[in-house]
Amino acid sequence: MRALPADFAPRLIHWQARDGRHGLPWQGTRDPYRVWLSEIMLQQTQVSTVLAYYPRFLERFPDVAALAAAPIDEVMALWSGLGYYSRARNLHRCAQAVVADHAGRFPTTAAGLETLPGIGASTAAAIAAFCFGERVSIVDGNVKRVLARLLAFDGDVGQAAGQRALWDLAQGLLPPQPSNEDMRAYTQGLMDLGATVCTRTRPRCEVCPARGLCLAFEREAIARYPVKTRRVQRRFERWWLLFAVRGDAVWLQRRPERGIWAGLHSPPVFAGEDDMRAAVPAGWPSHWNATEPVAHALTHRELQLLPHWVAVSEAPAGWAGEWVKRSALASVGLPAPVRSLLGGAWATQVLDQ
DNA sequence: TAATCGTGGGA
DNA sequence: TTCCCAAGATT
């Protein structure tokens with residue numbers, strides 16, 4: 001393979017200053033708490049999505065001590081709809097670890113940061129580079145794509161071995177003796193280049209600062225990179241949801257600590273209609289209303305949610321869970337489709353009666 | 001190592 | 001419609 005282009009880092013830093021992104025809410029601060037929060041929210045999540053959550057979260061939890069002292073349910077409620085809920089649980093654990101084990105201050109090195117819950121190698125590098133100017137490279141989706149093209153990297157970036165190889169290459173591309181400001185611009189530049197120029201489809205090579213260095217461009221093989229062979233296969237499942245309503249409240253249970261929607265609240269879920277009917281206490285109305293099935297795709301599942309509604313006058317004997325008033329739903333962590341169903345026309349009708 | 005874990009947007 | 005995947009970590 002050709003030697004790594006020494007000119008890449010200075011070009012990227014220069015480009016970032018002029019053409020990179022500068023106005024995002026988590027930029028312009030070196031507060032590790034704020035940078036950390038943004039990095040966790042941005043894991044596998046688009047910037048446009050995080051923009052709605054970040055300020056709300058910061059307003060409620062302005063610093064790591066506030067977050068550490070909060071009940072987990074409140075954290076889950078603020079994370080509700082953002083997905084990958086283990087991030088929220090780890091976020092809370094991490095804040096408590098920082099307070100309990102680090103005197104309330106985040107470690108100042110990538111190695112130290114990586115020991116904390118929910119902070120992996122890439123997130124640790126991002127925080128260390130942004131906040132402390134450490135000379136370490138991130139390796140996120142943007143970097144994989146940018147470097148795979150720049151170097152015509154033929155390894156499979158979807159596999160661990162390919163990712164490790166790419167990481168070594170990324171380290172080799174870092175500016176040799178960067179100032180703190182250089183590391184911030186370089187790290188941000190990698191992300192910005194991938195997000196705005198070296199995009200997955202139809203990259204804008206004509207404005208790329210690394211065009212003259214890019215092997216894939218030179219070989220007219222941009223579309224071949226990054227190499228990714230693994231493809232997702234979704235398993236289809238039907239979930240029966242039973243919304244028991246009493247007045248202006250609905251019965252919700254806490255989901256198990258592992259699996260889909262772990263730690264969130266939801267109505268009881270059943271694998272079949274027979275299971276659902278068998279779970280209903282004697283004396284309940286024998287008839288309930290089924291509303292339109294909802295298709296909900298997760299990374300590895302294709303769920304078909306089958307909502308059923310029943311109005312009752314007493315708590316279901318023997319069921320775990322609790323009544324949650326409609327006015328309290330905003331402060332409960334709910335899966336996105338459940339929140340949507342509870343805000344829908346049928347729910348409104350039933351909860352208002 | 002490979003599977004698991006959400007959601008919304010774009011092509 | 002269907003597929004890909006976005007500032008990945010954990011087990």
Side-chain angles (χ1 to χ4, degrees), chain A residues 20-21 24-27 34-54 76 79-91 93-94 113-130 137-146 156-164 166-167 184 187-196 198-203 223 226 228-236 255-264 266 294-303 305 333-340:
Chain A
R21 295 175 292 186
L24 296 171
W26 43 86
Q27 294 180 299
R34 291 178 175 242
V35 173
W36 164 69
L37 177 62
S38 76
E39 291 300 331
I40 302 298
M41 284 190 168
L42 286 160
Q43 286 170 1
Q44 300 290 286
T45 308
Q46 293 182 349
V47 168
S48 58
T49 301
V50 172
L51 285 176
Y53 285 79
Y54 185 73
M76 299 307 290
W79 205 271
S80 181
L82 198 50
Y84 281 155
Y85 297 99
S86 64
R87 291 185 295 173
R89 292 190 301 279
N90 284 332
L91 193 83
R93 288 175 49 211
C94 181
L113 288 161
E114 201 177 340
T115 66
L116 292 166
I119 301 183
S122 189
T123 298
I127 300 170
F130 282 135
S137 180
I138 56 171
V139 177
D140 60 11
N142 289 312
V143 178
K144 290 179 196 171
R145 188 172 55 255
V146 169
D156 188 339
V157 303
Q159 294 190 338
Q163 180 158 331
R164 275 195 304 274
L166 210 47
W167 207 307
R184 291 162 59 108
T187 304
Q188 186 66 50
L190 275 179
M191 296 171 172
D192 293 350
L193 193 64
T196 67
C198 196
T199 47
R200 184 169 65 92
T201 57
R202 297 188 50 171
K228 199 172 298 182
T229 58
R230 188 181 56 175
R231 59 180 186 276
V232 297
Q233 49 181 355
R234 292 200 173 114
R235 191 167 78 231
F236 180 83
R255 300 274 306 165
E257 286 308 308
R258 301 199 171 277
I260 292 168
W261 299 336
L264 296 183
S266 87
V294 174
H296 186 71
L298 289 70
T299 307
H300 296 280
R301 307 285 169 91
E302 177 69 39
L303 300 183
L305 305 178
L334 298 175
V338 170
R339 188 175 296 286
S340 174

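Predicted model only: the values in this text are computed from it and were never measured. Each chain gets a letter, A, B and so on, in the order its sequence line appears, and its residues count up from 1.
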### Message
For a 4.0 angstrom threshold against heavy atoms of chain A, report the outermost contacting nucleotides of DNA chain B in 5' to 3' order.
### Response
dT1(B) to dA11(B)
### Query
Any side-chain heavy atom of Trp79(A) sitting closer than 4.5 Å to one from Met41(A)?
yes
#### Entry: Pairwise C1' distance, dC5(C) and dG6(B) [rounded to whole Å]
12 Å
### Message
At 4.0 Å (heavy atoms only), tell me whether Ala126(A) reaches a base, stays on the sugar-phosphate, or touches nothing.
### Response
nothing
### Message
For a quick check of understanding: with a heavy-atom distance under 4.0 Å over all strands, which category does Ile40(A) fall into, base, sugar-phosphate or nothing?
### Response
nothing
### Query
How is Ala121(A) classified with respect to the nucleic acid when contacts are heavy atoms under 4.0 Å: base, sugar-phosphate, or nothing?
sugar-phosphate
### Task
Can you sort out the partners of Glu114(A) under side-chain hydrogen bond (donor to acceptor under 3.5 Å, both in side chains), two or more places apart, ordered by chain and number?
none
### Message
Within the 4.0 Å heavy-atom criterion, would you say Gln27(A) contacts the bases, only the backbone, or no part of the nucleic acid?
### Response
nothing
### Message
With rounding to the nearest 0.5 angstrom, report the CZ to CD distance, Arg21(A) to Gln188(A).
### Response
6.0 Å
### Task
Report which part of the nucleic acid Ser86(A) touches: base, sugar-phosphate, or nothing (heavy-atom distance under 4.0 Å, all strands).
nothing
### Set of ring-ring contact (aromatic ring centres under 6.0 Å, His included) partners for Tyr54(A), sequence neighbours left out
Trp26(A)
### Query
Heavy atoms under 4.0 Å, any strand shown: does Leu24(A) hit a base, just sugar-phosphate, or nothing?
base
### Query
If each of Thr201(A) and Thr45(A) is mapped to the nucleotide of DNA chain B with the nearest heavy atom, which maps nearer the 5' terminus, i.e. the 5' end?
Thr45(A)
### Task
Would you classify Leu82(A) as touching base, sugar-phosphate or nothing, given that sugar-phosphate means primed atoms plus P, OP1 and OP2, and contacts are heavy atoms under 4.0 Å?
base
### Query
For the atom pair CD (Gln44(A)) and CZ (Arg87(A)), what is the distance rounded to the nearest 0.5 Å?
8.5 Å
### DNA chain B: 5'-proximal contact among His300(A) and Pro337(A) (nearest heavy atom)
His300(A)
### Query
When you compare dA11(B) with dA7(C), how far apart are their P atoms, in angstrom units rounded to a whole number?
14 Å
### Query
Which part of the nucleic acid, if any, lies within contact of Arg202(A), taking any heavy atom under 4.0 Å across all strands shown: a base, the sugar-phosphate backbone alone, or nothing?
nothing
### Query
Looking across every strand, which nucleic acid part, if any, lies under 4.0 Å from Val47(A) by heavy atom: base, sugar-phosphate, or nothing?
base
### Query
Considering residues at least two apart in sequence or located in another chain, which fulfil the ring-ring contact (aromatic ring centres under 6.0 Å, His included) criterion with Trp167(A)?
none
### Message
Could you check whether atom CZ of Arg34(A) has more than 12 heavy atoms from other residues, nucleotides or ligands sitting under 6.0 Å from it?
### Response
no
### Message
Using a 4.0 Å cut-off to any heavy atom of chain A, which nucleotides of DNA chain C are the first and last in contact, reading 5' to 3'?
### Response
dC4(C) to dT10(C)
### Task
To the nearest 0.5 angstrom, please state how far the CD atom of Gln27(A) sits from the OG atom of Ser38(A).
9.0 Å
### Message
Classify Trp26(A) by what it touches in the nucleic acid, base, sugar-phosphate, or nothing, heavy-atom distance under 4.0 Å.
### Response
base
### Task
May I ask you to say what Arg89(A) touches in the nucleic acid, namely base, sugar-phosphate or nothing, with a heavy-atom cut-off under 4.0 Å?
nothing
### Summary
Sorted by chain and number, sequence neighbours left out, side-chain contact (heavy atoms from CB on, under 4.5 Å) with Asp156(A) holds for Gln159(A), Lys228(A), Thr229(A)
### Query
Is Arg235(A) reaching over with its side chain to a backbone N or O of His300(A), donor-acceptor style, under 3.5 angstrom?
no
### Task
Give one of base, sugar-phosphate or nothing for Gly259(A), where a contact means two heavy atoms less than 4.0 Å apart.
sugar-phosphate
### Query
Taking the nucleotide of DNA chain C with the closest heavy atom to each, which residue, Arg145(A) or Thr123(A), is nearer the 5' end?
Arg145(A)
